[in-house]
> 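For reference, the structure I am asking about is given below.
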Amino acid sequence: MLDIQLLRTDLENVAKRLAARGKAFPVAEFNSLEAERKTIQTRTQELQAQRNITSKQIGNAKSKGKNVSLILAEVTGLGNELKQAETQLEGIQTRLQQLLFGIPNLPHDSVPEGRSEANNQEVRRWGTPHTFDFSVKDHVTIGEDLGLLDFETAAKLSGARFSLLQGGLARLHRALAQFMLDTHTQEHGYTEAYVPYLVNAESLHGTGQLPKFEADLFVVPHGEQGNYYLIPTAEVPLTNTVRDQIVALESLPIKLAAHTPCFRSEAGSYGKDTRGLIRQHQFDKVELVQIVHPQQSYAALEQLVGHAEKILQKLELPYRVMVLCTGDIGFSAAKTYDIEVWLPAQNAYREISSCSNCEAFQARRMQARFRNEKGKPELLHTLNGSGLAVGRTLVAILENCQNADGSVSIPEALRPYMGDLTRLAAQDKK
RNA sequence: GGAGAGAUGGCCGAGUGGUCGAAGGCGCUCCCCUGCUAAGGGAGUAUAGGCUCAAAAGGCUUAUCGAGGGUUCGAAUCCCUCUCUCUCCGCCA
């Protein structure tokens, strides 16, 4: 959510920066709502003040044993008028808020302008893609040939966009998550967290998935209490830990890491990445969240990307880092880096991590604050990044580490998590 | 799932219809006193808004005592609904 003060004082500039992300701000609608709000709010508060004064007079008079019927008669009409004004004000403020909740974050000045993915800029590259002296297979073929990856059975159990891993591949998947989590907690200073996978609407509202993106979520009805939602990312529970809180300055930065499944309905992505593990309704991810002092958030973003990169470096997987352009950053983000891993079978780099600084956008929705140097509450900055998407990392390993005989070499960093196994071969089902 | 108790400021805790944004304490900040330490004295100390102001300061004002609704001229206080926490019983990994 944007700061309404900013909209009141510098609407033109806000509209301009939103235009850079391809979002037209409804200036006229906002201005007329604001004008209306101003009139009605002033009127309401005047009436409230009048009521308060009169009520006090009644109290005073009564305690002195005076007759109050005269003053009482004076306030008779006030109640109705006040109630009407209050209702009207509430209506306007709801409309203003709804408008505001639908407006995305402003891009940071350092974000390159552009309309789409095509305008994202490469920041750096690490590693050299391997050249193969045989024709490479894609991860689906590799996994199925090994007898360890089974989409047909998954489709029977659930439907499209689910997968079943077995044997060494399932173990490799587990090993990856452990390895990532251990690296971040032991080398990068994150606190490991185990979090709820079902969250309430307030939490999703806090991080910005609601109210606009309900269609992307899986909803679980829960009796009369309303709905639970399956988390689309651990960013939601991790970031919302500070919702409605005022944290102490000394406790910053807060760095949290969690390994969770993520659930996305993938509405609107029909026909995209239908083959394989790239785009699933359920996938695992190790998520990094940082909650920091506003002055630190851009330094923290660089760090956060580095933490995610470190995983790929240890796994010796080639990648590049992209800075997303104004037209491609997500709703809550002010700046986003994507990390893209090399996939030989696609002969392309594909997204494996996304790291964003949301500045105060989420914190404002969540009322997540800290006591600043002057002891005053101030909004925090929140950041999140994948470190990394486990399923996609598995894909990258299968494809980058494949051998001519159909086996897959296990990166050295993972071997301690695999009982020192060096390769996955067809007989590894058990 | 059943029965009961509770939710008040950074924390503890008083407050059962009016002068209560809320006693008292703790903590924190500033000042005074004390040769040092310990102790003592005084003052201050919620948040989010609105209007005003070129801005800062200030001024005026509104809302907030778990949340929402109701009764009333007036609600922390009375009534209703919900949420959460605790205790006991049941069930369960």
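Keep in mind that the numbers below use all heavy atoms, side chains included, and drop hydrogens, waters and symmetry copies. No experiment lies behind these values; they were computed from the predicted model shown. Letters A, B, ... are given to chains in the order of the sequence lines, protein chains preceding strands, and every chain is numbered from 1.
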> For B:A67 and B:G13, measure between their C1' atoms and round to the nearest Å.
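So the two C1' atoms sit 23 Å from each other.
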> Which protein N or O atoms sit under 3.5 Å from an N or O of nucleotides 72-74 of chain B?
{"residue": "B:C73", "atom": "O2'", "partner": "A:S55", "partner atom": "OG", "Å": "3.3"}
{"residue": "B:C73", "atom": "N4", "partner": "A:K62", "partner atom": "NZ", "Å": "3.4"}
{"residue": "B:G74", "atom": "O4'", "partner": "A:S55", "partner atom": "OG", "Å": "3.0"}

> Which whole number of Å gives the distance between the C1' atom of B:C12 and that of B:A7?
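So the two C1' atoms sit 14 Å from each other.
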> For the base of B:G49, is there a side-chain donor-acceptor partner from A:Q45 under 3.5 Å away?
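Flag set: donor-acceptor pair detected.
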> Looking only at atom P, what distance separates B:U64 and B:A5, rounded to whole Å?
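It comes out at 28 Å once rounded to the nearest Å.
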> If you look only at distance, which donor and acceptor atoms sit under 3.5 Å apart when one is on a side chain in residues 257-264 of chain A and the other is two or more places apart or in another chain?
{"residue": "A:H259", "atom": "NE2", "partner": "A:D284", "partner atom": "OD2", "Å": "2.7"}
{"residue": "A:R264", "atom": "NE", "partner": "A:P232", "partner atom": "O", "Å": "2.9"}
{"residue": "A:R264", "atom": "NH2", "partner": "A:P232", "partner atom": "O", "Å": "3.0"}

> Return the value, rounded to whole Å, for the distance between atom CZ of A:F370 and atom C1' of B:G10.
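Answer to the nearest Å: 16 Å.
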> Please tabulate, one pair per line, all N/O donor-acceptor pairs under 3.5 Å involving side-chain atoms of residues 379-387 of chain A, not counting sequence neighbours.
{"residue": "A:H381", "atom": "ND1", "partner": "A:S297", "partner atom": "OG", "Å": "2.9"}
{"residue": "A:T382", "atom": "OG1", "partner": "A:Q362", "partner atom": "OE1", "Å": "2.7"}
{"residue": "A:N384", "atom": "ND2", "partner": "A:E235", "partner atom": "OE2", "Å": "3.3"}
{"residue": "A:S386", "atom": "OG", "partner": "A:S354", "partner atom": "N", "Å": "3.0"}

> By nearest nucleotide on RNA chain B, pick out whichever of A:E86 and A:Q93 is the more 5' one.
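Residue closer to the 5' terminus by nearest nucleotide: A:Q93.
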> Taking only the side-chain heavy atoms of A:N52 (C-beta and beyond), determine which of B:A63, B:U47, B:G69 contains the nearest atom.
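My answer, after comparing the listed nucleotides, is B:A63.
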> Write down the distance separating the P atoms in B:G74 and B:G15, rounded off to the nearest Å.
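So the two P atoms sit 26 Å from each other.
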> Which pairs with one or both residues in residues 179-191 of chain A pass salt bridge (Lys or Arg N to Asp or Glu O under 4.0 Å), sequence neighbours excluded?
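Every salt bridge (Lys or Arg N to Asp or Glu O under 4.0 Å) pair that includes a residue of residues 179-191 of chain A, provided the two are not neighbours, is A:E187-A:K314.
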> From the options B:U19, B:U62, B:U47, select the nucleotide whose nearest atom is closest to the side chain of A:N60.
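Per side-chain heavy atoms of A:N60, the pick is B:U19.
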> Base, sugar-phosphate alone, or nothing: which one does A:Q5 contact when heavy atoms must sit under 4.0 Å apart?
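Sugar-phosphate, backbone atoms only, no base.
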> Give me the distance, rounded to whole Å, that separates B:U8 from B:G4 when you measure between the P atoms they each carry.
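These two P atoms come out 22 Å apart once rounded.
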> Let me have the donor-acceptor pairs involving side chains of residues 91-105 of chain A, under 3.5 Å, with sequence neighbours excluded, atom names and distances please.
{"residue": "A:T94", "atom": "OG1", "partner": "A:E90", "partner atom": "O", "Å": "2.7"}
{"residue": "A:N105", "atom": "ND2", "partner": "A:S332", "partner atom": "O", "Å": "3.0"}
{"residue": "A:N105", "atom": "ND2", "partner": "A:C358", "partner atom": "O", "Å": "3.2"}

> Over how many whole Å does the gap from A:D10 atom CG to B:A55 atom C1' extend?
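Rounding to the nearest Å, CG of A:D10 and C1' of B:A55 are 16 Å apart.
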> Which whole-number value in Å describes the distance from A:Q41 CD to B:U61 P?
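Interatomic distance, CD of A:Q41 to P of B:U61: 16 Å.
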> For residues 243-256 of chain A, pull every pair meeting side chain to side chain donor-acceptor pair (under 3.5 Å), keeping only residues two or more places apart or in separate chains.
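As it turns out, the side chain to side chain donor-acceptor pair (under 3.5 Å) pairs with a partner in residues 243-256 of chain A, which skip direct neighbours, are A:S203-A:R243, A:N240-A:R243.
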> Could you state the atom-to-atom distance from CD of A:E34 to C1' of B:C51 in whole Å?
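My rounded result for the distance is 13 Å.
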> Is it the case that the ring center of A:F361 lies less than 6.0 angstrom away from the ring center of A:F331?
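Ring centres of A:F361 and A:F331 closer than 6.0 Å.
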> Could you state the atom-to-atom distance from CD of A:Q367 to P of B:A46 in whole Å?
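Roughly 18 Å, once rounded to whole Å.
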> To the nearest angstrom, how far is A:R365 atom CZ from B:A48 atom C1'?
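Nearest whole value for this atom pair: 18 Å.
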> Please collect all ring pair (Phe, Tyr, Trp, His ring centres under 6.0 Å) contacts where either partner lies in residues 61-85 of chain A, sequence neighbours excluded, each pair once.
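Output for this query is empty, none listed.
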> Is the shortest side-chain N to carboxylate O distance from A:R115 to A:D328 below 4.0 Å?
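Between A:D328 and A:R115 there is no salt bridge, as every charged N stays at least 4.0 Å from the carboxylate O atoms.
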> Could you pull out all residues at least two apart from A:Q303 that satisfy side-chain hydrogen bond (donor to acceptor under 3.5 Å, both in side chains)?
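Scan of A:Q303 (side-chain hydrogen bond (donor to acceptor under 3.5 Å, both in side chains), adjacent residues dropped) gives none.
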> Exactly one of A:R37, A:R43, A:K38 should register a side chain to side chain donor-acceptor pair (under 3.5 Å) with A:Q41. Which one does?
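For A:Q41, the side chain to side chain donor-acceptor pair (under 3.5 Å) check succeeds only for A:R37.
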> Under the side-chain hydrogen bond (donor to acceptor under 3.5 Å, both in side chains) test, which residues partner A:E351, sequence neighbours left out?
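None.
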> Does the ring center of A:F30 lie less than 6.0 Å from the ring center of A:F25?
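Yes - the distance between ring centres of A:F30 and A:F25 falls below the 6.0 Å cut-off.
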> Could you tell me which residues satisfy salt bridge (Lys or Arg N to Asp or Glu O under 4.0 Å) with A:E412, sequence neighbours excluded, listed by chain and number?
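If we apply the salt bridge (Lys or Arg N to Asp or Glu O under 4.0 Å) test to A:E412, skipping adjacent residues, there are no hits.
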> Does any residue of residues 197-212 of chain A have a heavy atom under 4.0 Å from RNA chain B, and if so, which ones, in number order?
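Residues of residues 197-212 of chain A that come under 4.0 Å of RNA chain B do not exist, since none gets that close.
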> Provide, to the nearest angstrom, the distance between the CZ atom belonging to A:R37 and the C1' atom belonging to B:G49.
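Taking CZ of A:R37 and C1' of B:G49, I get 9 Å after rounding.
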> What's the CD-P distance between A:Q48 and B:C60, to the nearest Å?
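Going from A:Q48 (CD) to B:C60 (P), I get 18 Å.
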> Have a look at A:R369 and say if it touches a base, only the backbone sugar-phosphate, or nothing, with a 4.0 Å heavy-atom cut-off.
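If one applies the 4.0 Å heavy-atom cut-off, A:R369 turns out to touch the sugar-phosphate alone, with no base involved.
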> Suppose you measure atom P in B:A14 against the same atom in B:G24; what distance do you get, rounded to whole Å?
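About 15 Å, rounded to a whole number of Å.
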> What interatomic distance, in whole Å, is found between P of B:G68 and the corresponding atom of B:G25?
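Pairwise P distance, B:G25 against B:G68, rounds to 32 Å.
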> Hey, which of these two, A:D3 or A:A49, hits RNA chain B nearer its 5' end, going by closest nucleotide?
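Closer to the 5' end of RNA chain B: A:D3.
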> Distance between the C1' atoms of B:G9 and B:C82, in whole angstroms?
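Pairwise C1' distance, B:G9 against B:C82, rounds to 24 Å.
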> So what does the secondary structure string of RNA chain B come out as, 5' to 3', with Watson-Crick or wobble pairs under 3.5 angstrom, [ ] for crossing and | for pairs with another strand?
((((((((.[[[..)..(.....]]]((((((.......))))))(((((((.....))))))).[[[[[..)....]]]]])))))))....
